[in-house]
Amino acid sequence: MFLSKPSVYISLFTCVLQLITGPLPETGNSSVAAGAQSGIEECKYQFAWDRWNCPERALQLSSYGGLRSANRETAFVHAISSAGVMYTLTRNCSLGDFDNCGCDDSRNGQLGGQGWLWGGCSDNVGFGETISKQFVDALETGQDARAAMNLHNNEAGRKAVKGTMKRTCKCHGVSGSCTTQTCWLQLPEFREVGAHLKEKYHAALKVDLLQGASNSAASRGAIADTFRSISTRELVHLEDSPDYCLENKTLGLLGTEGRECLKRGRALGRWERRSCRRLCGDCGLAVEERRAETVSSCNCKFHWCCAVRCEQCRRKVTKYFCSRVERPRGGAAHKPARKP
């Protein structure tokens with residue numbers, strides 16, 4: 001299944017969910033679409049300065065009839081998409097968008113720890129988890145090792161949402177003495193879920209099941225047993241990743257030539273500061289410096305009443321791009337060494 005545009009990907013999500021559960025209310029459809037979109041956007045954010053940067057062709061959740069990759073990038077796509085749908089359904093439930101969903105008060109009144117009790121209005125992750133599982137998992141119709149891998153990573157995405165929830169408490173007592181507290185669970189920012197899954201991506205486990213795996217009942221049983229032995233909090237993959245430095249039209253990979261990278265900036269993290277080396281130098285490309293002009297609003301003033309007028313300021317900025325090394329006349333170009 002080749003899905004070249006996020007809108008197609010989201011429409012497929014909604015159609016499949018309706019086949020499973022019947023037509024959803026309009027708010028339910030919009031929540032599913034928003035959840036799928038948030039997964040796409042978070043994938044692109046987390047991999048913006050990586051060699052693989054979550055290209056459109058990666059946005060497929062079914063391994064049937066299409067590019068059946070089973071590497072660690074596929075694992076992340078499944079996990080973040082599943083998490084995005086669950087997260088959005090849970091959040092919109094708390095906002096009162098669904099008639100059949102409200103606060104999770106199943107533990108209210110129970111002792112949670114020394115000096116505090118469960119209470120308040122916890123986000124109902126059980127609702128989001130159930131709908132997300134029915135919906136996203138149903139896209140995987142195979143029974144082979146790849147299907148088992150995809151289902152495992154879908155569950156890892158849902159576990160990431162539950163595992164990153166934050167406990168919020170309110171004090172009770174005379175004059176704010178806080179002799180007791182009532183606490184409830186809230187969703188974190190989705191960026192925290194994405195960062196958590198990015199760490200799981202780097203630590204993803206490789207499972208050797210492709211060689212000799214058939215679709216027989218015995219093989220399916222062995223596959224199921226293997227995945228049951230692995231924690232559902234971990235991402236898993238079956239194949240090594242391709243060389244993302246190089247263009248590969250068959251796999252829909254563009255390579256890193258022409259990609260922008262970062263070298264300087266006050267707010268850059270270590271991973272961003274090393275992007276030019278990772279995208280260019282380690283891929284046998286040179287870093288090309290380009291000067292560009294940007295236009296932005298500046299010197300804004302408030303005028304009574306009631307308008308804000310700004311000037312348009314232009315400034316020169318320096319950007320960096322990966323460029324193929326030119327061969328000098330009469331000799332071969334020095335090409336940076338490729339790191340494995």
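Just so it is clear, the structure is predicted and the values come from calculations on it, not from any experiment.
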Over all atoms of both residues, closest heavy-atom pair of [X] and [Y]:
| X | Y | result |
| --- | --- | --- |
| Ser229 | Thr226 | OG-O, 2.5 Å |
| Met149 | Ala75 | CE-N, 4.0 Å |
| Cys43 | Val77 | SG-CG2, 4.5 Å |

Fit a plane to each ring of Tyr87 and Phe190, take the angle between them on a 0 to 90° scale, and name the class: parallel (under 30°), tilted (30 to 60°) or perpendicular (over 60°).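 Judged by the thresholds at 30° and 60°, the geometry between Tyr87 and Phe190 is tilted.
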
Measure the acute angle between the ring planes of Phe227 and His152, then classify it against the limits of 30° and 60° as parallel, tilted or perpendicular. tilted

Quick check: do [X] and [Y] have side-chain heavy atoms less than 4.5 Å from each other?
| X | Y | result |
| --- | --- | --- |
| Lys198 | Asp50 | yes |
| Val236 | Asn153 | yes |
| Asp105 | Trp118 | no |
| Pro55 | Asn53 | yes |
| Gln181 | His172 | no |
| Val287 | Lys263 | yes |
| Tyr320 | Leu262 | no |
| Val161 | Thr90 | no |

Under 3.5 Å donor-acceptor, [X] side chain and [Y] backbone:
| X | Y | value |
| --- | --- | --- |
| Arg51 | Gly255 | no |
| Glu272 | Gly269 | yes |
| Asp123 | Val125 | no |
| Thr88 | Val85 | no |
| Arg277 | Asp282 | no |
| His196 | Arg191 | no |
| Ser82 | Ala79 | no |
| Asn71 | Thr74 | yes |

Return the [atom1] to [atom2] distance between [X] and [Y], rounded to the nearest 0.5 Å.
| X | Y | atom1 | atom2 | value |
| --- | --- | --- | --- | --- |
| Ile230 | Leu235 | CD1 | CG | 11.0 Å |
| Glu192 | Leu187 | CD | CG | 10.5 Å |
| Glu140 | Asn150 | CD | CG | 4.5 Å |
| Arg72 | Leu238 | CZ | CG | 12.0 Å |
| His78 | Leu139 | NE2 | CG | 8.5 Å |
| Ser323 | Glu289 | OG | CD | 12.5 Å |

Test the Arg278-Trp271 pair against the cation-pi criterion, namely NZ or CZ under 6.0 angstrom from the six-membered ring centroid and within 45° of the ring axis.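 Pair Arg278/Trp271 counts as cation-pi.
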
Examine Arg167 relative to Trp116 and say whether NZ or CZ is less than 6.0 Å from the centre of the six-membered ring and inside a 45° cone about the ring axis. yes

Might you work through the salt bridge (Lys or Arg N to Asp or Glu O under 4.0 Å) test for Arg146 and Glu239, ending with a clear yes or no? CA-CA 10 Å; Arg146 287 181 175 88; Glu239 303 170 345; 2.9 Å; yes

Would you tell me whether [X] and [Y] have their SG atoms within less than 2.5 Å of each other?
| X | Y | value |
| --- | --- | --- |
| Cys101 | Cys93 | yes |
| Cys322 | Cys283 | no |
| Cys276 | Cys261 | yes |

Should [X] and [Y] count as an ion pair when the cut-off is N to O under 4.0 Å?
| X | Y | value |
| --- | --- | --- |
| Lys162 | Glu129 | yes |
| Glu155 | Lys159 | yes |
| Lys44 | Glu42 | no |

Partners meeting side-chain contact (heavy atoms from CB on, under 4.5 Å) with Asp104 (sequence neighbours left out): Ser106, Ser122, Asn124

Which residues share a side-chain contact (heavy atoms from CB on, under 4.5 Å) with Cys103, sequence neighbours left out: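 Listed in chain order: Cys121.
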
Between Asp240 and Lys206, does a side chain to side chain contact (heavy atoms under 4.5 Å, CB included) hold up when you go through it step by step? CA-CA 8 Å; Asp240 293 328; Lys206 185 179 180 182; 3.1 Å; yes

I'd like to know whether Thr294 forms a side chain to side chain contact (heavy atoms under 4.5 Å, CB included) with Arg314, so could you lay out the CA-CA distance, the side-chain angles of the two residues, the decisive distance to 0.1 Å, and finally the verdict. CA-CA 6 Å; Thr294 63; Arg314 299 174 181 272; over 6 Å; no

Over 12 non-hydrogen atoms of neighbours within 6.0 angstrom of CG in Leu254: no

For a side-chain hydrogen bond (donor to acceptor under 3.5 Å, both in side chains) with Asn299, tell me which candidate from Glu311, Gln312, Arg309 qualifies.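 Only one of Glu311, Gln312, Arg309 forms a side-chain hydrogen bond (donor to acceptor under 3.5 Å, both in side chains) with Asn299, namely Glu311.
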
Shared ILVMFWY cluster between Phe321 and Leu279, side chains joined below 4.5 angstrom? no

Give the intermediate values and the outcome of disulfide bond (SG atoms under 2.5 Å apart) for residues Cys300 and Cys310. CA-CA 4 Å; Cys300 298; Cys310 302; 2.0 Å; yes

Could you tell me if Thr168 and Gln186 have a donor-acceptor pair between their side chains, going purely by distance under 3.5 Å? yes

Between the side chains of Tyr201 and Gln46, does any donor sit under 3.5 Å from an acceptor?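 Absent: no donor and acceptor within the cut-off.
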
Apply side chain to side chain contact (heavy atoms under 4.5 Å, CB included) to residues Trp184 and Lys170 and explain how you reach the verdict. CA-CA 9 Å; Trp184 58 95; Lys170 180 179 180 181; 4.0 Å; yes

Give the intermediate values and the outcome of side chain to side chain contact (heavy atoms under 4.5 Å, CB included) for residues Leu246 and Leu253. CA-CA 8 Å; Leu246 306 175; Leu253 305 178; over 6 Å; no

